[in-house]
Amino acid sequence: MSPRSDFTTLETLPARARVHVLGAGPVGLMVTALLQSMDHLSVRLYEKRREYTRTRMVRLASYLVAESVESYRADHFDAENIEAVFDPRELDESLAFRRSIPSDLMARLREWALGFCPLNQIEHSLSDLIDARTSSPVYRSAAVVTTEDAIAMLEPGDILVDCTGSRSLLRDQLVPGSGQTDGSANTLNMRFEYALVITFLYGQNYACNEFCKYYKNRENLHYKFIPMVHRTHYDGSISHVTGIVNISTEDYEAMPTRFDGQWLRDNFPDVARSMDRFIDEIKQETHGEILGDLEIIRIPLNLYRARNATSRQWLAGPSDHPFANSPVFLAGDSAIGSPYFQSISLGFECAMFLAGLIAQRDLPLRDMLDRYEQHIYKQWLRVYMQSKMIKHNKDLFESLDDPLALLEKLHIY
Ligand SMILES: Cc1cc2nc3c(=O)[nH]c(=O)nc-3n(C[C@H](O)[C@H](O)[C@H](O)COP(=O)(O)OP(=O)(O)OC[C@H]3O[C@@H](n4cnc5c(N)ncnc54)[C@H](O)[C@@H]3O)c2cc1C
């Protein structure tokens with residue numbers, strides 16, 4: 001891990017600090033909702049979109065609302081990673097901060113952690129909650145913020161939190177003088193695979209498990225439709241199913257970003273057959289029908305992190321650059337991106353940790369930056385281990401009918 005920054009300019013936050021939150025996606029809204037009620041801060045939130053239109057169903061992890069270390073480690077795959085990476089004291093501190101989260105916000109988190117929810121419902125709900133707290137208003141600006149705007153808005157002692165998502169506005173600006181413009185200055189990026197994400201509604205209860213993934217794919221020798229257990233949800237009358245199909249780089253490049261089932265059947269019949277065979281097996285088993293059309297997007301599944309998630313490099317020496325006098329933090333997809341759909345929870349977790357640091361008025365800025373860097377690094381290790389395991393298991397699964405290919409993928413020791 002990088003050494004502690006040798007911060008010399010500003011020792012602690014001013015008695016009353018301004019916080020600029022760039023991007024009002026789920027994580028920017030969460031950061032804002034957490035900081036808004038702290039009386040030593042005034043919060044400004046900047047967002048370029050006029051409306052929240054992303055209706056995709058997302059699922060939040062139950063660890064976000066855990067009240068004990070045991071419930072925080074409830075997912076048995078994640079539990080060992082957490083134990084390996086975090087000290088018990090750190091977990092206790094995180095849970096203690098969680099208990100201080102205002103009840104209006106906590107109630108929403110509990111609701112979202114129960115099952116699936118459209119992404120824009122989370123965004124609307126957080127946005128409305130922020131606006132309803134009239135005793136601590138947030139100044140909101142509806143415009144595209146450029147790097148120059150972000151730098152110009154800073155007064156010494158201001159805090160800047162970049163929540164602008166995977167194409168972060170400031171990630172590469174956190175390395176002084178790198179001069180690189182290809183996105184590599186401050187980003188470690190691993191491409192896991194290209195995939196189609198296929199989502200549909202089904203009019204019966206469909207409960208997915210690993211056996212079902214195997215047996216319903218028996219005839220699919222090349223492309224396999226793999227539903228995500230944690231993204232299959234029955235709401236009492238309808239099952240929401242999301243699955244992925246691994247595709248080649250050539251397939252990916254020849255497809256539009258978004259399309260429906262018929263487009264896939266017309267243009268990539270082999271891929272479509274794997275999906276249709278799987279769905280037919282579900283129908284034979286549970287006698288239901290697909291409701292509406294299939295929604296398909298093609299995405300690269302990347303695992304990445306910002307090597308620096310704060311402006312500690314700017315603060316390490318005297319400089320007249322505004323980042324040398326104003327701490328900058330990356331949160332959410334700006335800081336870490338994971339391929340298998342855990343990112344909102346990860347972003348919320350980091351938002352909570354950051355808010356816990358900013359709440360400590362007398363905490364030296366150097367410590368604040370170092371502790372945030374360390375936390376992001378640990379969350380990265382956690383999601384890296386989990387994502388590698390998922391990818392490895394998926395690779396093995398796809399070769400189950402071909403022992404030689406399977407053996408080639410095994411690395412026992
Ligand atoms: C198909 C699919 C399914 C998913 N399912 C899940 C799931 O089940 N669970 C989960 O945890 N995650 C899921 N994810 C990932 C999740 O959607 C993202 O991790 C999450 O949206 C990231 O939140 P964010 O606030 O960090 O960034 P974003 O949601 O990208 O928000 C960034 C915001 O910043 C604004 N912005 C950007 N640049 C500027 C600028 N220059 N000026 C002003 N505003 C700006 C944008 O308009 C946007 O509102 C899924 C992703 C996909 C593609």
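Atoms within a ligand are numbered from 1 in the order they appear, just like the ligands themselves.
- The ligand atoms of ligand 1 that sit less than 4.0 angstrom from a heavy atom of Cys163 are 32 (C), 33 (C), 34 (O).
- Of the heavy atoms in Arg167, none comes closer than 4.0 Å to ligand 1.
- For the pair Arg140 and Asp131, the salt-bridge criterion is met [side-chain N within less than 4.0 Å of a carboxylate O].
- Considering both main-chain and side-chain atoms, Glu123 never comes within under 3.5 Å of ligand 1 through any nitrogen or oxygen pair.
- Under 4.0 Å from ligand 1, the heavy atoms of Ala143 that appear belong solely to its backbone.
- Atoms of ligand 1 found under 4.0 Å from any heavy atom of Ser345 (numbered from 1 in listed order, with element): 11 (O).
- Ion pairing between Arg133 and Asp104 holds under the 4.0 Å rule for side-chain N and carboxylate O.
- The shortest N/O to N/O separation between Met57 and ligand 1 does not fall below 3.5 Å.
- Ion pair Glu373/Arg307 not flagged as a salt bridge, since none of the NZ, NE, NH1 or NH2 atoms sits closer than 4.0 Å to an Asp/Glu carboxylate oxygen.
- Which of Arg49, Lys48, Glu47, Arg54 comes nearest to atom 35 (C) of ligand 1 through a heavy atom is settled by distance: it is Glu47.
- When only interatomic distances are considered, the shortest N/O to N/O separation between Leu169 and ligand 1 does not fall below 3.5 Å.
- Contact annotation: for Leu22 versus ligand 1, there are no heavy atoms closer than 4.0 Å.
- Judged purely by distance below 3.5 Å, without hydrogens or angles, the side chains of Thr55 and Asn120 never pair a donor atom with an acceptor atom.
- Side-chain atoms of Lys224 and Ser274 form no donor-acceptor pair, as typed in the model, at a separation below 3.5 Å.
- Taking the six-membered ring for Trp and thresholds of 30 and 60 degrees, Phe86 and His375 have ring planes inclined between 30 and 60 degrees apart.
- Residue Gly332 approaches ligand 1 through these ligand atoms, each under 4.0 Å from one of its heavy atoms: 26 (O).
- Contacts with ligand 1 closer than 4.0 Å are made by no heavy atom of Ser334, backbone or side chain.
- By the 3.5 Å distance cut-off applied to N or O atoms, Ser166 is not counted among the residues near ligand 1.
- Counting heavy atoms only, Thr164 comes closest to atom 39 (C) of ligand 1 of the residues Asp149, Thr146, Thr164.
- Note on ring orientation: taking the six-membered ring where Trp is involved, the planes of Phe323 and Trp314 are perpendicular (angle over 60°, cut-offs 30° and 60°).
- For the residue pair His222 and Asp270, no side-chain donor N or O sits within less than 3.5 Å of a side-chain acceptor on the partner.
- Side-chain contact annotation: Tyr63 with Ser71, donor-acceptor N/O pair under 3.5 Å absent.
- Residue contact check for ligand 1: Pro26 places a non-hydrogen atom closer than 4.0 Å to it.
- For ligand 1, the atoms closer than 4.0 angstrom to any heavy atom of Ile297 are 1 (C).
- The atoms of ligand 1 that sit less than 4.0 Å from any heavy atom of Val145 are 40 (C), 41 (N), 42 (N), 43 (C).
- Ring pair Tyr202/Tyr206 is perpendicular by interplanar angle, where above 60° counts as perpendicular and below 30° as parallel.
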